[in-house]
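Counting starts at 1 for both ligands and their atoms, following the listed order.
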Amino acid sequence: MMAIKLIRVNKSDVTTLKNLSRQTFIETFASDNTAENMQYYLDKSFNEEKLTEEINNPNSAFYFAMLDNQPIGHLKLNFGPAQTELKENNGVEVERIYVLKDFQGQKVGQLLFDKAIQIARDRNAEYIWLGVWEKNLKAIAFYTKNGFVQFGAHAFLVGDDEQIDIMMKLVLTPVISPS
Ligand SMILES: CC(C)(COP(=O)(O)OP(=O)(O)OC[C@H]1O[C@@H](n2cnc3c(N)ncnc32)[C@H](O)[C@@H]1OP(=O)(O)O)[C@@H](O)C(=O)NCCC(=O)NCCS
């Protein structure tokens, strides 16, 4: 088992975050999208100015999964008004959860996901939700295994290609501590 540490990303990490975001997005989606649409999305979403704004947003939180000194995965959570939809105070959005291809299937995603649950519980949230591309069967299997169920769908643009995101939700049941 690898010794992975989760650390909060701060604004001095923006270049590392940009590079990791780009690499994981390319590894996940390049084979299903045109080079032009990929480039457009990468430039629009993963530039230092936009990522710095997101890191500085008090209603978002980024984490790296670190193996020794190397970031191999990342998580982005949104709370309240920073959520891309719903925007309810009793919900938390997992906007991004990505592990480098070489390190997938070794519980790094699970570690990041468990962090999301812990943070949502600490904030007394009642549910966690996310959007996932309908063709991303691997991620859908991961979320289903973690108890998420579909509650809707919405259109999502990658460049000029309109794709369908499935919206999934996990209702957090209260943890009953023994008295
Ligand atoms: C989805 C992702 C975050 C999962 O992280 P991971 O580190 O590969 O997954 P883990 O090793 O933590 O797996 C945890 C559990 O999820 C399930 N799981 C993970 N990958 C799976 C797959 N491809 N098929 C079925 N189940 C899977 C497994 O049941 C696993 O538990 P098990 O090992 O006890 O069977 C990772 O594969 C990833 O980054 N994918 C590319 C990016 C992406 O699609 N992100 C989501 C965008 S919405």
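- Ligand 1 has an N or O atom lying under 3.5 Å from an N or O atom of Val99, backbone or side chain.
- Once rounded to the nearest 0.5 Å, the distance linking OG1 of Thr52 with CG of Leu17 reads 9.0 Å.
- Some N or O of Asn136 is nearer than 3.5 Å to an N or O of ligand 1, by distance alone.
- At the shortest separation from atom 25 (C) of ligand 1 among protein heavy atoms lies Ala141 CB, 3.4 Å.
- Looking at Asn78 and Glu95, their side chains do bring a donor and an acceptor atom within 3.5 Å of each other.
- With rounding to the nearest 0.5 angstrom, the CG atom of Asn124 is 12.0 Å from the CG atom of Asn89.
- The aromatic ring centroids of Tyr127 and Phe151 lie 6.0 Å or more from each other.
- At a 3.5 angstrom cut-off on N or O pairs, Ile97 counts as close to ligand 1.
- Between Ala139 and ligand 1, a contact under 3.5 Å exists for no N or O pair.
- Shown here, atom 4 (C) of ligand 1 is in close reach of the protein: a heavy atom of it lies under 4.0 Å off.
- Distance from atom 16 (O) of ligand 1 to its nearest protein heavy atom, with residue and atom name: Phe142 CD1, 3.1 Å.
- A salt bridge is absent between Asp13 and Lys18; no separation between the charged side-chain nitrogens and carboxylate oxygens falls under 4.0 Å.
- Geometrically, ligand 1 and Lys107 share a nitrogen or oxygen pair separated by less than 3.5 Å.
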When you look at Asp43 and Arg22, which way does the salt bridge (charged side-chain N to carboxylate O under 4.0 Å, His left out) test go after all the steps? CA-CA 9 Å; Asp43 291 345; Arg22 285 174 170 248; 3.2 Å; yes
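- Residue Gly109 has at least one N or O atom closer than 3.5 Å to an N or O atom of ligand 1.
- The ligand atoms of ligand 1 that sit less than 4.0 angstrom from a heavy atom of Gln106 are 11 (O).
- Look at Arg96 and Glu54 and you find a salt bridge, because one of the NZ, NE, NH1 or NH2 atoms lies within 4.0 Å of a carboxylate O, short of that distance.
- For the residue pair Asp32 / Gln163, no side-chain donor-acceptor distance below 3.5 Å is found, with atom types taken as modelled.
- In this structure, Val108 counts as a contact residue of ligand 1, since one of its heavy atoms falls inside 4.0 Å of the ligand.
- In this structure, Lys101 does not pair ionically with Glu27, as no charged nitrogen and carboxylate oxygen lie closer than 4.0 Å.
- Atom 20 (N) of ligand 1 has its nearest heavy-atom neighbour, among Lys138, Met168, Lys145, in Lys138.
- Closest to atom 40 (N) of ligand 1 among all protein heavy atoms lies Gln104 NE2, 3.4 Å.
- From Ser60, atom OG reaches atom CG of Leu51 across 11.0 Å, with rounding to the nearest 0.5 Å.
- Put simply, part of Tyr143 is less than 4.0 Å from ligand 1, judged by heavy atoms.
- For ligand 1, none of its N or O atoms has an N or O atom of Thr28 under 3.5 Å away.
- Applying the ring pair (Phe, Tyr, Trp, His ring centres under 6.0 Å) test to residues at least two apart or on different chains, the pairs with a partner in residues 67-101 are His74-Tyr98.
- For atom 14 (C) of ligand 1, the closest non-hydrogen atom on the protein side is Gln110 OE1, 3.3 Å.
- For atom 8 (O) of ligand 1, the closest non-hydrogen atom of the protein is Gly105 N, 2.8 Å.
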